Amino acid sequence: MTELQEVQITEEKPLLPGQTPEMAKEAELAARILLDQGQTHSVETPYGSVSFTVYGTPKPKRPAILTYHDVGLNYKSCFQPLFQFGDMQEIIQNFVRVHVDAPGMEEGAPVFPLGYQYPSLDQLADMIPCILQYLNFSTIIGVGVGAGAYILSRYALNHQDTVEGLVLINIDPNAKGWMDWAAHKLTGLTSSISEMILGHLFSPEELSGNSELIQKYRNIITHAPNLENIELYWNSYNNRRDLNFERGGDITLKCPVMLVVGDQAPHEDAVVECNSKLDPTQTSFLKMADSGGQPQLTQPGKLTEAIKYFLQGMGYMASSCMTRLSRSRTASLTSARCHQHHDLKEVQKAEVPKDIL
């Protein structure tokens, strides 16, 4: 009997007419992401594995929107109200988005073993290139809150060519001083970790009001099965280095930046100071009324509108339709022309980014 030989056949996918290998790779990636809508992936990095969730289809020559959440939260509890808001759908149809969970913060994450060395915020920033390499994305627009805003800023300082823009909510670019450390230690003697983190996320007025939102997030954090992991992330945040921003200096964000903070938010002074250190021609500052410590949770409509104008200022979504805020703003400006000059100046001080003015 003739001996059978095993032959390995490799299937080659033929290129479509006029399709380059690069275009074929992009199409294959888009098809894979489309099939994996809302699927969580993880990649190994020099500082451990990191998880992220991808939605949408990559658009040619468009950056991905990459989000990074604050301490005590994950991507869902931090960003879901914003990205599920009705007017936000126009934005997310135009961009693929990548929601990063800090290590150990993803849903169902096991508790790290005793003695585990949690990455510093700088090391968390150094994980991002591994994510972009895995997805074959060349540029991003970052959206970060609190610790996530710091991480994205650190990443942007080290990888300027890959960041087209940043939306930074509640950023504190400064390292803790001795007085901050003393106050932090004193608070730690009388407050639980969950209460300290709630004080980081929300204003004292919000916490004393104990609204339904506060009750929800107090319950999420207090009863988190991975509270030990959250404490490690919290410690890394409190051990952050100074970003050393300097207006006109070498250490600065070179891309368009929108700084966002709520009125009476715990980080209002830090964001105002950060604004004073960045290039005013590249930076928009949005202080949101009636939004407290977490504007993306309490005012998703206003924040969506601001992000839309920010993207338009970068040259994206130029044909975006006029939405409620811009319509009401147009009406306000028209009405103001009938009043005294100082009334018009007051309208122009509305809490909107410079892109809108």
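None of the values given here were measured: they were computed from a predicted structure.
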I'd like to know whether Asp279 forms a salt bridge (Lys or Arg N to Asp or Glu O under 4.0 Å) with Arg247, so could you lay out the CA-CA distance, the side-chain angles of the two residues, the decisive distance to 0.1 Å, and finally the verdict. CA-CA 6 Å; Asp279 181 355; Arg247 178 168 288 185; over 6 Å; no
Quick one: do the Ser42 and Ser49 side chains pair a donor with an acceptor below 3.5 Å? no
Hey, is the main chain of Ser120 close enough, under 3.5 Å, to the side chain of Gln123 for a donor-acceptor pair? yes
Does the side-chain contact (heavy atoms from CB on, under 4.5 Å) test come out yes or no for Met88 and Lys308, once each step is laid out? CA-CA 8 Å; Met88 178 59 79; Lys308 191 174 295 186; over 6 Å; no
Heavy atoms only: give me the nearest Met288-Leu303 pair and the separation to one decimal. CE-N, 3.8 Å
Stepwise side-chain contact (heavy atoms from CB on, under 4.5 Å) check, Leu168 with Leu253: CA-CA 12 Å; Leu168 305 175; Leu253 298 173; 4.1 Å; yes
So does Val272 get a backbone contact from the side chain of Lys287, meaning a donor-acceptor N/O pair under 3.5 Å? no
N/O donor-acceptor pair under 3.5 Å between Glu305 side chain and Gly301 backbone: no
Where the side chain of His69 meets the backbone of Gly144, is there a donor-acceptor pair that is under 3.5 Å apart? no
Under 3.5 Å, side chain of Thr252 to main-chain N/O of Gly249, donor-acceptor pair present? no
Is Lys277 salt-bridged to Glu273, going by a charged N under 4.0 Å from an acidic O? yes
Side chains of His200 and Asp70, donor plus acceptor under 3.5 Å: yes
One pair to check against side-chain contact (heavy atoms from CB on, under 4.5 Å): Ser138 and Thr162. What are the steps and the verdict? CA-CA 6 Å; Ser138 55; Thr162 67; over 6 Å; no
Are the side chains of Gln294 and Glu206 in touch, meaning some heavy atoms are under 4.5 Å apart? no
I need the minimum non-hydrogen distance between Val163 and Cys255, along with the two atoms involved. O-CB, 3.6 Å
Test side-chain contact (heavy atoms from CB on, under 4.5 Å) on Leu124 and Tyr68; report intermediate values, then the result. CA-CA 10 Å; Leu124 292 176; Tyr68 216 116; 3.9 Å; yes
Does Arg97 make a cation-pi contact with Phe95, if we ask for NZ or CZ under 6.0 Å from the ring centre and within 45° of the axis? no
Leu213 to Phe202 - nearest heavy-atom pair and separation: CD2-CE2, 4.1 Å
From His159, Glu164, Arg62, Lys61, residue fulfilling side-chain hydrogen bond (donor to acceptor under 3.5 Å, both in side chains) relative to Thr139: Glu164
Contact between Ile141 and Leu166 at the side-chain level, heavy atoms closer than 4.5 Å - yes or no? no
Are Val111 and Val71 linked, directly or through other ILVMFWY residues, by side chains that come within less than 4.5 angstrom of each other? no
Parallel, tilted or perpendicular: ring planes of Tyr116 versus Tyr118, cut at 30 and 60 degrees: perpendicular
Without swapping roles, check the side chain of Thr283 against the backbone of Pro280 for a donor-acceptor pair under 3.5 Å. no
Inter-residue atom distance Leu198.CG - Ile193.CD1, 0.5 Å rounding: 11.5 Å
Indicate yes or no: does Asp101 engage Lys76 in a salt bridge with an N to O separation below 4.0 Å. no
Residue pair Gly262 / Asn170: nearest heavy atoms and the distance that separates them: N-OD1, 4.4 Å
Rounded distance [0.5 Å steps], CD1 in Ile221 versus CH2 in Trp234: 10.0 Å
So, Gln215 side chain and Asn210 main chain: donor-acceptor pair closer than 3.5 Å or not? yes
Kindly check if the number of other-residue, nucleotide or ligand heavy atoms within 6.0 Å of CG (Asp161) is above 12? no
How about Gln133: does its CD atom have over 12 heavy atoms from other parts shown lying under 6.0 Å from it? no
Within a strict 4.5 Å, meaning less than it, do heavy atoms of the Ile307 and Met258 side chains meet? yes
Yes or no on salt bridge (Lys or Arg N to Asp or Glu O under 4.0 Å) for Arg240 and Asp172, after CA distance, side-chain angles and deciding distance? CA-CA 10 Å; Arg240 65 189 180 278; Asp172 187 344; 3.1 Å; yes
To the nearest 0.5 Å, tell me how far Leu311 CG sits from Met317 CE. 6.5 Å
Kindly indicate whether the side chain of Ile91, heavy atoms from C-beta on, has any atom under 4.5 Å from the side chain of Thr304. yes
What's the separation between atom CG in Leu121 and atom CG in Leu152, rounded to the nearest 0.5 Å? 11.0 Å
Side chains of Asp290 and Gln299 in contact at under 4.5 Å (non-hydrogen atoms): yes
Donor-acceptor under 3.5 Å (Asn226 side chain, Pro110 main chain): no
Would you confirm whether Ser194, through its side chain, and Thr222, through its main-chain N or O, come within 3.5 Å as a donor-acceptor pair? no
Side chains of Val100 and Ile128: closer than 4.5 Å at any heavy-atom pair? no
Crowding at CD, Gln117 (>12 non-hydrogen neighbours, <6.0 Å): no
Kindly assign one of parallel, tilted or perpendicular to the pair Phe52 and His41, based on the angle between their ring planes and the thresholds 30° and 60°. parallel
Could you give the distance from OH (Tyr316) to CD1 (Ile65), rounded to the nearest 0.5 Å? 10.5 Å
Can a side-chain donor-acceptor contact be found between Thr53 and His99 if the only test is distance below 3.5 angstrom? no
Do the ring planes of Phe83 and Phe79 sit parallel (below 30°), tilted (30 to 60°) or perpendicular (above 60°)? perpendicular
Test item: Ser153 side-chain N/O and Ala149 main-chain N/O as donor-acceptor pair under 3.5 Å: yes
Tell me the closest heavy-atom pair linking Pro81 and Pro300, and the distance in Å. O-CB, 3.8 Å
Show the numbers, then the answer: is there a side-chain hydrogen bond (donor to acceptor under 3.5 Å, both in side chains) between Asn239 and Ser236? CA-CA 5 Å; Asn239 283 299; Ser236 287; over 6 Å; no
Side-chain contact, heavy-atom cut-off 4.5 Å: Pro129 with Leu132? no
When rounded to the nearest 0.5 angstrom, what distance separates OH in Tyr47 from SG in Cys130? 9.0 Å
Residues Ile169 and Pro295: closest non-hydrogen pair is CG2-CD, 3.9 Å
Is Asn158 close to Asp126 at the side-chain level, that is, under 4.5 Å between some pair of heavy atoms? yes
